[in-house]
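Below: one structure, written as C-alpha cells.
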Amino acid sequence: MDVQQIDITASHPLALPVGVTLDRYIMHRQTAFPYATGELSQLLRDIALAGKIIHREVNRAGLIDLTGGMGVQNVQGESQQKLDMIANIRFKRALTNGGEACAIISEEEEDIIYTGNNHGKYVVAMDPLDGSSNIDVNVSIGTIFSIYRRVTPIGSEPTLADFLQGGRRQVAAGYILYGSSTIMVYTTGHSVNGFTYDASLGEYILSHPDIHSPCTGQIYSCNDGNVDGYEDGVKEYLTDCRKKQYTARYIGSLVADFHRNLLKGGIYLYPPTKKSPDGKLRLLYEAFPLAFLAEKAGCLATSGNQAILDIKPSSLHQRTPLYIGAPVMVESLVDMLT
Ligand code: FDP
C-alpha cells in the first residue's frame, strides 16, 4: 500500500502550537526573578488546579444533583448553595495540600481557616464561588482570590494581622471565571494575563496576554432595581449614562461583570443601598483583589471617597461600596458624588 507523505511544516495548521500553558508561564516568570523560591508559583498552581475541579463540577452540576441550596446560611446571612460548599472544600483542600498557604479566609466561613502549614509564607483570602444566585440557571460565576505574604513569623500560628494588611500589600490577585469558557486572570503586581482553560488538554493556555483595559467605555453595570436607594450623585451619573445612550449590562455575578468591562471598557457600580448601607461587596476577597488587578490593567477602583486599595481593613468580612472600571468613567462618577 502506498503511504502518502504529508508535508507538515511548522506553519501547517496541524502543526500550530497550542500556546503557552499556565504552568510554563509561571515557571518562566519565576526564573525572571533570581531570588524567587517557587512558593508563590506553587500557590498559583494550586489555585489553578482547584479551578479545574470547580470547572468540572459547574459543568455537570445539573446532572449530579449539585444545584440548589444546602438549606443553611453562610456567615453573610446568604443561603448557601451546594456548589458554594463544594468550591469552598476544593479550594481549602488544594491550598492545604499544596503547603504554601498557612491560613485562608473564605466568604463561606466566619473565622480564619488554619491549614496547619505554619511554615507556609502566604495567606489567601477568597470567595470560592461568587455570584451564587446564578448557579442554578447556568449563568457565569467565578472564584476570586487575593494573596499576601504573612507578617507574622514563619513557623508561628497566623493571625488576623496577616489578613488585615491592606490591599496594596497583596502580592498576587485574580479570578477564575466559569463562563462560556473558563478563564483564569491574575497578576502578581506586574502585568495582568488571562489563561483560557482547554478541558481537552487539562491545561490553561495564555489567551489574553498583558491586558490593558480601555481608558473609557460605554457600558455601565449596576442593579437597576436598587436605584431608588442610591445617593444623588450616583443617580445623576446613571442619568448621564442613559442620556449618552450607553449600554446597560448587569449579569449579577461580579466576576463576569468585571471581566466584560475590563476587556470592553465600562464601569461596575455597587453603591450603598437601603438594605446594605455599607455596600454589599466584601472588601478582602472581592473589592481588594479586583481593585489590585484593575489598577495593574489601567482601571480605577473607589469606594466613592477613597481608592479601594487605600481602605484600612478592620475585619475579615467587612463590606464596601465599589465603583470599578475605566478610569475616565470612574473619575466622572466621583466628580458627581458629594
Ligand atoms: P451573589 O450575591 O449572587 O453572590 O458577591 C455578591 C454578588 O453576588 C456579586 O457577585 C454580584 O455582583 C452581586 O452580589 C449581585 O447583587 P444583587 O443581586 O444585589 O445585584
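We number each residue from 1, following the sequence as shown.
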Taking the six-membered ring where the residue is Trp, are the ring centres of Tyr268 and Phe258 under 6.0 Å apart?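 Between Tyr268 and Phe258, the centre distance exceeds or equals 6.0 Å.
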[atom1] of [X] to [atom2] of [Y]: how many Å apart, nearest 0.5 Å?
X	Y	atom1	atom2	result
Ser332	Leu337	OG	CG	10.0 Å
Ile147	Thr188	CD1	OG1	9.5 Å
Ser207	Ile183	OG	CD1	4.0 Å
Phe91	Glu108	CZ	CD	12.0 Å
Thr320	Asp278	OG1	CG	8.5 Å
Leu129	Gln81	CG	CD	9.5 Å

Same hydrophobic cluster for [X] and [Y], using side-chain heavy-atom links shorter than 4.5 Å among ILVMFWY?
X	Y	result
Ile311	Leu316	yes
Tyr237	Leu322	no
Leu49	Val58	no
Ile324	Val334	no
Met336	Ile219	no

Verify whether one side chain among [X] and [Y] offers a donor that lies under 3.5 Å from an acceptor in the other.
X	Y	result
Thr247	Gln218	no
Ser132	Asn134	no
Arg260	Ser221	yes
Thr115	Thr96	no
Asn118	Glu157	no
Thr273	Asn226	no
Thr21	Asp23	no
Tyr25	Asn193	yes

[X] vs [Y] side-chain heavy atoms within contact, under 4.5 Å:
X	Y	answer
Phe292	Ser146	no
Ile26	Arg29	no
Leu333	Ile267	yes
Lys296	Ile211	no
Leu238	Tyr230	yes
Tyr175	Pro289	no
Ile205	Thr196	no
Tyr250	Tyr220	no

Just do the side chain to side chain contact (heavy atoms under 4.5 Å, CB included) check on Val185 and His259 with the steps written out, would you? CA-CA 9 Å; Val185 179; His259 182 70; 4.0 Å; yes
For Arg319 and Leu283: C-alpha separation, side-chain torsions, deciding distance, then whether side chain to side chain contact (heavy atoms under 4.5 Å, CB included) applies. CA-CA 5 Å; Arg319 295 177 192 263; Leu283 181 63; over 6 Å; no
Is [X] reaching over with its side chain to a backbone N or O of [Y], donor-acceptor style, under 3.5 angstrom?
X	Y	answer
Glu236	Asp232	no
Asn88	Met85	no
Arg150	Pro153	yes
Glu109	Ser106	no
Thr302	Gly304	yes
Glu331	Val328	no
Lys121	Glu100	no
Tyr204	Ala48	yes
Thr143	Pro128	yes
Thr182	Tyr178	no

Could you pull out the closest heavy-atom pair between [X] and [Y], with the gap in Å?
X	Y	answer
Met184	Leu22	SD-CD2, 4.1 Å
Ile112	Thr159	CD1-C, 3.8 Å
Asp46	Ala94	O-CB, 3.7 Å
Cys299	Leu262	SG-CD1, 4.1 Å
Ser253	Gly131	OG-CA, 3.7 Å
Leu300	Val330	O-CG2, 3.8 Å

Would His212 and Asp210 count as a side chain to side chain contact (heavy atoms under 4.5 Å, CB included) here? Give the steps. CA-CA 6 Å; His212 289 275; Asp210 199 10; 3.3 Å; yes
If you count heavy atoms of other groups shown closer than 6.0 angstrom to CG of Asn305, is the number above 12? yes
Is the number of heavy atoms from other residues, nucleotides or ligands within 6.0 Å of NZ (Lys264) greater than 12?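 12 or below, so no.
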Check against ring-ring contact (aromatic ring centres under 6.0 Å, His included), Tyr285 and His317: CA-CA 8 Å; Tyr285 41 82; His317 299 284; 5.7 Å; yes
Pair [X] + [Y]: basic N to acidic O under 4.0 Å:
X	Y	value
Arg169	Asp310	no
Arg168	Glu295	yes
Arg249	Asp257	no
Arg282	Glu107	yes

I'd like to know whether Ile53 forms a side chain to side chain contact (heavy atoms under 4.5 Å, CB included) with Arg56, so could you lay out the CA-CA distance, the side-chain angles of the two residues, the decisive distance to 0.1 Å, and finally the verdict. CA-CA 5 Å; Ile53 299 171; Arg56 186 190 67 187; 4.1 Å; yes
I'd like to know whether Tyr197 forms a ring-ring contact (aromatic ring centres under 6.0 Å, His included) with His55, so could you lay out the CA-CA distance, the side-chain angles of the two residues, the decisive distance to 0.1 Å, and finally the verdict. CA-CA 9 Å; Tyr197 182 55; His55 163 95; 4.8 Å; yes
